[in-house]
Amino acid sequence: MLSLLKSLPSRNFKLISPIFPLQPWIHQNFSSATGSFQQISQDHENKNNNVNFNFVFHSCRDIGAVKQLHALLVVLGKAQNVVLFTQLVTLYATLGDISLSRNTFEHIQRKNIFTWNSMVSAYVRCGRYRDAMDCVSEFFSISGVRPDFYTFPPVFKACVSVVDGEKMHCWVLKMGFEHDVYVAASLIHMYSRFGSVDVAHRVFDDMPVRDVGSWNAMISAFIQNGNAVGALGILGRMKVEEVKMDMVTVASVLPACAQVNDAVCGMLVHLYVIKHGLESDVFVCNALINMYSKFGRLQDAQRVFDGMKVRDVVSWNSIVAAYEQNDDPVTALGFFKWMQFVGMRPDLLTVVSLASIFVQLSDQKVGRAVHGFVMRRGWLEEDVVIGNALVNMYAKLGSIDCARAVFEQLSRRDVISWNTLITGYAQNGLASEAIDTYNMMGECRTIIPNQGTWVSILPAYSHIGALQQGMKIHGRLIKNCLYLDVFVATCLIDMYGECGRLEDAMSLFYEIPRETSVPWNAIISSLGIHGHGEEALQLFKDMLAEGVKADHITFVSLLSACSHSGLVDEGQWCFDMMQKECGIKPNLKHYGCMVDLYGRAGYLEKAYNLVSNMPVQADASIWGALLAACRIHGNAELGTFASDRLLEVDSENVGYYVLLSNIYANVGKWEGAVKVRSLARDRGLRKTPGWSSVVVGSVVEVFYAGNQTHSQCTEIYKELRMLNAKMKSLGYVPDYSYVLQDVEEDEKEQILTSHSERLAIAFGLISTPPKSPIRIFKNLRVCGDCHNATKYISKITERDIIVRDSNRFHHFKDGICSCGDYW
DNA sequence: GTAGGGTTAG
């Protein structure tokens, strides 16, 4: 093998490539192709046969110029000059015109190895891989011309899409070319694209001589397959063998540093770049910008960008994405405008960032314009990524129908397209649509669900309390070992928590890795909705003791846990700690929790003061929390004030009208209640109907208030009458303040008795064996009178009754509710 | 005159 190697020419140097941009000295000699042509003609007339055509080839920057040159060469009688015409073949392809390239090739009568190699490479350059392979077969079948070192690297590039790689590899072995550094690098690259890093590694290990390009190819093979650790391992070996990094090494290794979150390594590489003067390379700078952006170090990213003398579209995309992904859409948009100002044309990935920018700016109108921009360029056909970005954009902007429409239009859908739509539905509160979409996805055999799928479907199941389906997914995850994935497991914790299986949520939590805040946030939130505020606080302390950093979501979970359990002082402590010790500025969600915490505990004035002194503008959720507190404590005055503010910011949400009318009704101001209701009616808003569901066996039964059509209607109402009588004998007094209609007392009692949660409970009682627990799911908050009644029912029937309403869990047992009547 | 290995993403 070694003797074969010795017989090969030494070729570890790089030739000057004819690819643009041109070397500056050519510019100095010839300002344009036309200038070059004049020079040639002149030389020709002066009978100077030593014309250096290199200059001329280099000065052709568009197809028109190449055509002129082509014509000129014919006129000059050079039509049979294989050297010049082979160059034309390459030149046409470099400028993107493969048919002219082929045409020129056809007209060359005495094709030599250069000509064939150039044609193959021309096809590859234009992405015509199938044609490149056909050309190779043609090449092989012509006797007298044997492929050489130059033939294979482009061929392997073509193999990536044509899948003839192994056959070609055999050829290479047969001809003894496998140790050529160029050939081997393209082999490594090809195998890595096929996902066979092990084979790539074997090729790499078998190389008797490696140049820096070989190392680069191996590093890139690991990166392409998501193995950043492997890539950094190769970098380490390079260091041991004292191979110097070049700019390609740097550009490939920087994303690996970002992936393993190794800022120190990244900065050391940056130092190396400065020391060795590699900053002039655009790829290197782009990779630096991206790395710093992933570390959230925007100033460093910006400094690299500012220092660049030449910027390409990737540089601009990178700086736009850096700000966009670090939650600064305004600056990102500023860079986009600057990009346009300097005349840099946006590409597909620019638009992906733009879509996300307008989501963050909640700008529906410009979002549509982005969609139009994409349509006009036909990019929707070209790449799924952009289609998925648009689906995501519309879903996040709340236009789920538009998201669906874009999804329907996609010519190709991948697993991410489906995940995006499912997430869109789930996040817009349309759980059953999310589930339908997931089921439709299951029918597409070509789409294999991945981590993102589980993360999108599990919350939908949680939302409607579909424990059975959720557990089915858990089973599937155990089978493919994904249940230890932190994100998936967190969704499972949420699911168990929201479906009332707090113990299962807890045991899962202790099974999985918990170095990040993600699973902690989920378990704290689960404890919160079950009313275990003290335990939530204890877990928060455990979390800090284990050295896990709390984030803003942790505090949302924690504050809401405090508010559900009435832990005012503790909530106050968390709120202070968040700002002072963790340096987290409270956002609207945190303020919402605090208003809820103060408000529900009856500190309406404190709640109001907090709202008045907030550094941020209160939104509907803040005023809504205050309004809800006013309803609980019967404060019509502050309630009216809050609802006025509320309707200024959100006049569409009918729930707020209902709340206000409840407040008026509770204090006996029936005219006020009627006025609010008619206002809602006039604006065309309809009350979300309250419903409750109960699971009997594997069937979910749904009840609306006053339902008279259920097949077991008579039995249900009979059961309720019987219960009412027993409840009254134990001291139950109906609370008519929850009846909004202005009617007679006995009719009010009738209305209370037929609230949806009571119907569901009664149905549960007559359809399940004695002493078995009953689980109810209600889409709105449970009514105060029903809450009281359920306590009595749990005592009379000796049943555990678990009610999950839109806010939290109520576990009724032996006449007591787990919420301690604090709800 | 012909060749390899590099940066951005939903």
Side-chain angles (χ1 to χ4, degrees), chain A residues 11-12 14-18 53-54 57 81-91 93 112-122 124-125 147-157 177 180-190 192 204 210-221 223-224 245-255 258 281-291 293-294 312-322 324-325 347-353 355-356 383-393 414-417 419-420 423 452:
Chain A
R11 300 167 326 80
N12 286 346
K14 209 170 179 106
L15 296 166
I16 298 169
S17 128
F53 283 98
N54 265 340
F57 278 99
N81 185 321
V82 65
V83 175
L84 294 176
F85 276 71
T86 298
Q87 270 176 289
L88 273 180
V89 169
T90 303
L91 199 48
N112 61 20
I113 178 117
F114 297 109
T115 323
W116 283 101
N117 285 345
S118 299
M119 193 61 237
V120 172
S121 151
V124 173
R125 217 170 266 177
D148 68 357
F149 296 112
Y150 287 87
T151 314
F152 288 97
V155 166
F156 287 124
K157 219 175 200 173
F177 290 164
D180 175 80
V181 282
Y182 281 64
V183 173
S186 21
L187 262 175
I188 292 170
H189 180 252
M190 179 192 73
S192 96
F204 177 79
R210 297 184 194 105
D211 69 354
V212 64
S214 329
W215 292 90
N216 294 341
M218 199 57 235
I219 290 176
S220 141
I223 302 265
Q224 293 296 329
M245 296 196 281
D246 67 357
M247 47 246 193
V248 179
T249 325
V250 170
S252 346
V253 95
L254 285 174
D281 187 86
V282 185
F283 282 71
V284 167
C285 291
N286 295 346
L288 280 169
I289 296 173
N290 285 305
M291 180 194 70
S293 153
K294 296 237 167 70
D312 64 2
V313 67
V314 180
S315 325
W316 287 98
N317 288 349
S318 305
I319 196 76
V320 170
E324 176 258 304
Q325 284 171 5
D347 71 358
L348 217 123
L349 292 184
T350 323
V351 177
V352 169
S353 290
S356 179
D383 203 322
V384 258
V385 175
I386 186 75
N388 296 346
L390 288 179
V391 173
N392 180 51
M393 179 188 81
D414 63 3
V415 62
I416 297 179
S417 321
N419 295 351
T420 310
T423 310

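Computed from a predicted structure; not experimentally measured. Throughout, protein chains are lettered first and strands after them, A, B, ... in sequence-line order, and every chain is numbered starting at 1.
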Determine whether a donor-acceptor pair (N or O, by modelled atom type, separation under 3.5 Å) exists between the side chain of A:D211 and the backbone of A:S214. yes
Backbone N or O of A:I289 within a donor-acceptor pair of the A:S293 side chain at under 3.5 Å?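 No: the side chain of A:S293 does not pair with the backbone of A:I289.
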Between [N] atom [atom2] and [X] atom [atom1], what is the distance in whole Å?
| X | N | atom1 | atom2 | answer |
| --- | --- | --- | --- | --- |
| A:N317 | B:dG6 | CG | P | 19 Å |
| A:H189 | B:dG6 | NE2 | C1' | 10 Å |
| A:I219 | B:dG5 | CD1 | P | 14 Å |
| A:M119 | B:dG1 | CE | C1' | 15 Å |
| A:F156 | B:dG4 | CZ | C1' | 11 Å |
| A:M218 | B:dG5 | CE | P | 14 Å |
| A:W215 | B:dG5 | CH2 | P | 18 Å |
| A:F57 | B:dT2 | CZ | P | 11 Å |

Does A:K294 make a side-chain N or O approach to OP1 or OP2 of B:dA9 shorter than 4.0 Å? yes
Look at the side-chain N and O atoms of A:T420 and state whether any lies under 4.0 Å from the OP1 or OP2 oxygen of B:dG10.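 No, A:T420 has no side-chain N/O under 4.0 Å of OP1/OP2 on B:dG10.
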Counting side-chain heavy atoms from CB outward, which of [options] is closest to [X]?
| X | options | answer |
| --- | --- | --- |
| A:Q325 | B:dT7, B:dA9, B:dG5 | B:dA9 |
| A:S318 | B:dG1, B:dG10, B:dT8 | B:dT8 |
| A:Q224 | B:dG10, B:dT7, B:dG4 | B:dT7 |
| A:L349 | B:dG10, B:dA9, B:dG6 | B:dA9 |
| A:A185 | B:dT2, B:dT8, B:dG5 | B:dG5 |
| A:Y182 | B:dG5, B:dG4, B:dA9 | B:dG4 |
| A:S121 | B:dA9, B:dT7, B:dT2 | B:dT2 |
| A:S118 | B:dG10, B:dT2, B:dG6 | B:dT2 |
| A:D414 | B:dT7, B:dG10, B:dG5 | B:dG10 |
| A:N216 | B:dG10, B:dG5, B:dT2 | B:dG5 |

Pick base, sugar-phosphate or nothing for [X], based on heavy-atom distances below 4.0 Å to the nucleic acid.
| X | result |
| --- | --- |
| A:V212 | base |
| A:V384 | base |
| A:S214 | base |
| A:V284 | base |
| A:V385 | base |
| A:V89 | nothing |
| A:D281 | base |
| A:N112 | base |

Between the base of [N] and the side chain of [X], is there a donor-acceptor distance below 3.5 Å?
| X | N | value |
| --- | --- | --- |
| A:D246 | B:dG5 | yes |
| A:N286 | B:dG6 | no |
| A:N117 | B:dG1 | no |
| A:T86 | B:dG1 | yes |

Kindly compute the distance separating OG (A:S417) from CG (A:N392), expressed to the nearest 0.5 Å. 11.0 Å
Sequence-distant partners of A:P147, side chain to side chain contact (heavy atoms under 4.5 Å, CB included), two or more places apart: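 Per chain and number, A:P147 pairs via side chain to side chain contact (heavy atoms under 4.5 Å, CB included) with A:F139, A:F140, A:T151, A:F152, A:M175.
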Partners meeting side chain to side chain contact (heavy atoms under 4.5 Å, CB included) with A:S356 (sequence neighbours left out):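 Expected list: A:E324, A:Q360.
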Could you verify whether a donor N or O on one side chain and an acceptor N or O on the other, from A:N388 and A:N419, lie under 3.5 Å apart?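 Looking only at side-chain atoms, A:N419 and A:N388 do not form any donor-acceptor pair under 3.5 Å.
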Compare the aromatic ring of A:Y150 with the six-membered base ring of B:dT2 and state whether they stack according to the 5.5 Å and 30° rule. yes
Going by the angle between their ring planes, with limits at 30° and 60°, are A:F204 and A:W215 parallel, tilted or perpendicular?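 If you compare the ring of A:F204 with that of A:W215, the planes turn out perpendicular.
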